[in-house]
Amino acid sequence: MVTTKKQKKFAAKDLETDTTTVEQLAYYRILAPLKVRSLLSHLNSSEKKSISFDFKKKKNGDLDPLRHTFIEEVGKQQTGSTETSENKESTSYKVDFVNMEKKAFNLYEGVIHVYGIPDDAIKLPVEEVKIDELKIGKNEVVYMNNESTLVTYQIIETEKGFKVVIEDTLTLDFDRRKKSGLFHLERVKSLGSYMKCLRLINYYIQCNKFPFQSLQLSGGTLNLKEHLQQIEEEIESYKELIDICTQIGISENYIFDDKEDCPSLFNVIINIFKNKQYSLLNIHQDILEKTEIINIKLSKYVKLALIYADGCFINLYSEEALKIIDRPSSITDVASNHGQGNIEPVILPDNQGNYDHKVSIFASRKIEEMVKDTNFDFDIVKLSFADEFHDIQADLTITSSLEYIDFYDKSHDESYLEFALDLNQRYLAKFPEDDIAKVNIYLIKLKQGHELSEDEQNDLCDIQERAETNKEQTICFACEVLLKNETKAKRIFATLPGEEKEEIMEFPIYHFYQNLK
């Protein structure tokens, strides 16, 4: 704490008197351990020999609250505790406000001390912070035109005012001093969010308020009545657009790329899928009549996999599509880039013609490519392998499972690994003696972090003995990898012919082998 002397000069009529009085002014700054540590850290990083900081003026002469606060804060931030917090992780945190002027406390001027609470429940000082803004996220069900809608919004409060960001699309900016606000409708991020914001604006125009219960926002000086018809027309157009997009698999929750030209994209969607201007696809009509699956690239960021049936396009990743193509037939896959000229059709293998079984339409499509489709739905892919649409005894069951194991290694999404496990377990239930399915199951378990039991390890040894008898060296290699015998696996791999080496290097078991090194 420091004090200064302030001089006052008085004048009376023609007589000037140099009478000086001294007023004691008090300034303070609480330098508890957290603040000292912060200052020293800043000093070290700036490579300076000194550091300066502001003092706060004491508004009254009573210094007792300041003294008590200082003693309290130093007590809570003992040097040993401060040093311990640097090396100990906390499970939860607590904040304390350092409030000197309780009657005139300003959240944005005050200091906050953050304390970590590790598993042993001891409160450790972590950091001193000052708030610039306060963010609160909320979800609220609102009622508009007798319909309930879940709306997500964030309140961002600062010293000067606050703004409400609704669905990351509509911003309401309020100034405390002017007691007024501004609306700003952002570009379309998702169709669902944009529609919610249009309906909220429409509600506001009609009722001069928003339908929130936990957030009271009134119109103030805003007058948007003249825009009512425009907003209502836009709502109707987006309703139609959402219906069309739902049909082709673009979810109303799909987030468009920031660089997407949404107005152009939406016009293309309306022209092709509502007005049936199929010439925009650069695909001949005779191809449409023969093709079951068409890949359409509507823009740089939007790519769809669709079925053309009964004169219209249907989302490939839908139950409706599974029922349409649930029949033995060859599958033709045609690619089209809107506005980029004709592209030769790509013919997929005649999977169903090669088997006496029903086969999932996705069995021969690579998952790594499917996830790039805007309308991709993994739940539909999994459903396509259900007994209704896929005979688990088909050889493509095991081949497909390897694709999903391999994609897990790239995506680290456990759901793909779990699906591969399900495919192999269902296959093994039909063919209990199939060693490849067993090897795949053990590989998946190891990838899931499980250790193989003694019985499972013995089973692998039995598999290996059978493989040696049948001279199946690739299976021998896989068994040694799963038993984590790196040296033996390496020796077996070295004896494989060149073609077998190249083939096994594409399999998930080889990727697992590489991680053993």
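We count residues from 1, following the sequence as given.
- A donor-acceptor pair under 3.5 Å is absent between the side-chain atoms of S148 and the main chain of V141, judged by distance alone.
- Between K382 and D422 no salt bridge is recorded (no basic side-chain N to carboxylate O distance below 4.0 Å).
- Judged purely by atom type and a 3.5 angstrom limit, K358 uses its side chain to pair as donor or acceptor with the backbone of E388.
- Evaluation of the ring-ring contact (aromatic ring centres under 6.0 Å, His included) rule for F385 yields H390, F419 as partners, not counting sequence neighbours.
- A 4.5 Å side-chain heavy-atom check between F210 and V164 finds every atom pair outside the cut-off.
- By the neighbour-count criterion of 12 heavy atoms within 6.0 Å, atom CD of E451 is sparsely surrounded, having that number or fewer from other residues, nucleotides or ligands.
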Inset, instruction - In sequence, state the C-alpha distance, the side-chain angles, and the governing distance for S214 and E140, and then conclude on side chain to side chain donor-acceptor pair (under 3.5 Å). - result: CA-CA 8 Å; S214 58; E140 184 176 338; 2.7 Å; yes

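- A distance of 6.5 Å separates CD in Q206 from CG in N145, rounded to the nearest 0.5 Å.
- D406 contributes no side-chain N or O that, together with a main-chain N or O of L402, makes up a donor-acceptor pair within less than 3.5 Å.
- With a 4.5 Å cut-off on side-chain heavy atoms, F266 and L191 count as touching.
- Residues Q448 and E418 meet the side-chain proximity criterion, which asks for heavy atoms closer than 4.5 Å.
- Side-chain N or O atoms of D373 include none that pairs as donor or acceptor with a backbone N or O of N375 at under 3.5 Å.
- In this structure, the ring of F183 has its center less than 6.0 angstrom from the ring center of Y204.
- How far CG of N275 is from CD1 of I269: 12.5 Å, rounded to the nearest 0.5 Å.
- In this structure, K196 NZ and S190 OG are separated by 7.5 Å, a value rounded to the nearest 0.5 Å.
- Side chain of E186 to main chain of L170: no donor-acceptor pair is present (N/O by atom type, distance under 3.5 Å, no hydrogens or angles).
- Heavy-atom contacts from other residues, nucleotides or ligands closer than 6.0 Å to OH of Y301 number more than 12.
- A donor-acceptor pair under 3.5 Å links the side-chain atoms of N267 to the main chain of P263, judged by distance alone.
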Inset, instruction - Using the side chain to side chain donor-acceptor pair (under 3.5 Å) rule, take N315 and S318 through it: C-alpha gap first, then chi angles, then the decisive distance, then the call. - result: CA-CA 6 Å; N315 175 20; S318 66; 4.8 Å; no

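- Between Y238 and Y194, the ring center distance clears the sub-6.0 Å criterion.
- Taking the six-membered ring where tryptophan is involved, the planes of F174 and F162 are essentially parallel, since the angle between them stays under 30° and well short of 60°.
- The shortest heavy-atom contact between G311 and K276 is O-NZ, 3.5 Å.
- Considering all non-hydrogen atoms of both residues, F389 and L383 come closest at CD1-O, 3.5 Å.
- Atom OG of S193 sits about 8.5 Å away from atom CD of E252, to the nearest 0.5 Å.
- When side chains are defined from C-beta on, F212 counts as touching I166, because their heavy atoms get closer than 4.5 Å.
- Aromatic ring centres of Y510 and Y513: separated by under 6.0 Å.
- The aromatic rings of H412 and Y408 sit perpendicular to each other, their planes meeting at more than 60°, with 30° as the lower class boundary.
- Here the shortest heavy-atom pairing between S360 and S384 reads OG-OG, 2.6 Å.
- Around the NZ atom of K163, the shell of radius 6.0 Å holds no more than 12 heavy atoms that belong to other residues, nucleotides or ligands.
- Residues satisfying the salt bridge (Lys or Arg N to Asp or Glu O under 4.0 Å) test with K447, not counting sequence neighbours, are D409.
- Residues I307 and I294 fail the side-chain proximity criterion, which asks for heavy atoms closer than 4.5 Å.
- The CD atom of Q425 sits 10.5 Å away from atom CD1 of I392, with the distance rounded to the nearest 0.5 Å.
- Annotation for E403 and I367: closest pair O-CG2, 3.8 Å, computed over non-hydrogen atoms.
- Residues H184 and D173 fail the side-chain proximity criterion, which asks for heavy atoms closer than 4.5 Å.
- For E167 and K189, the salt-bridge test fails: no basic side-chain N is under 4.0 Å from an acidic carboxylate O.
- A 4.5 Å side-chain heavy-atom check between L316 and L306 finds every atom pair outside the cut-off.
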Inset, instruction - Using the side chain to side chain donor-acceptor pair (under 3.5 Å) rule, take E233 and Q229 through it: C-alpha gap first, then chi angles, then the decisive distance, then the call. - result: CA-CA 6 Å; E233 289 175 354; Q229 183 178 351; 3.1 Å; yes

Scan the side chains in residues 242-250 for donor-acceptor partners under 3.5 Å anywhere in the protein, sequence neighbours excluded, and list what turns up.
residue	atom	partner	partner atom	Å
T246	OG1	I242	O	2.7
Q247	NE2	F313	O	2.8

Inset, instruction - List the steps and the verdict of side-chain contact (heavy atoms from CB on, under 4.5 Å) for V371 and F407. - result: CA-CA 10 Å; V371 296; F407 189 65; 3.8 Å; yes

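- Looking at T399, its side chain never comes within 3.5 Å of a backbone N or O of L396 through a donor-acceptor pair.
- A heavy-atom distance below 4.5 Å is not found between the side chains of I136 and Q154.
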Inset, instruction - I would like to know whether Y416 and F378 meet ring-ring contact (aromatic ring centres under 6.0 Å, His included); could you show each step before the answer? - result: CA-CA 9 Å; Y416 296 108; F378 189 39; 4.5 Å; yes

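- Nearest heavy atoms, Y427 versus I398: CD2-CD1, 3.6 Å.
- Distance OG/S299 to CG/L265: 5.0 Å, rounded to 0.5 Å.
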Inset, instruction - For D387 and R426, run salt bridge (Lys or Arg N to Asp or Glu O under 4.0 Å): C-alpha distance rounded to whole Å, both residues' side-chain angles, the deciding distance at 0.1 Å, then the answer. - result: CA-CA 10 Å; D387 293 339; R426 288 167 58 202; 3.1 Å; yes

Inset, instruction - Please step through salt bridge (Lys or Arg N to Asp or Glu O under 4.0 Å) for the pair E147 and R199, ending with a clear verdict. - result: CA-CA 11 Å; E147 292 182 14; R199 293 179 63 201; 3.4 Å; yes

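- The aromatic rings of F256 and Y254 stand perpendicular to each other, their planes meeting at an angle above 60°, with 30° marking the opposite boundary.
- Here the side chain of R187 pairs a donor or acceptor atom with the backbone of E260 at under 3.5 angstrom.
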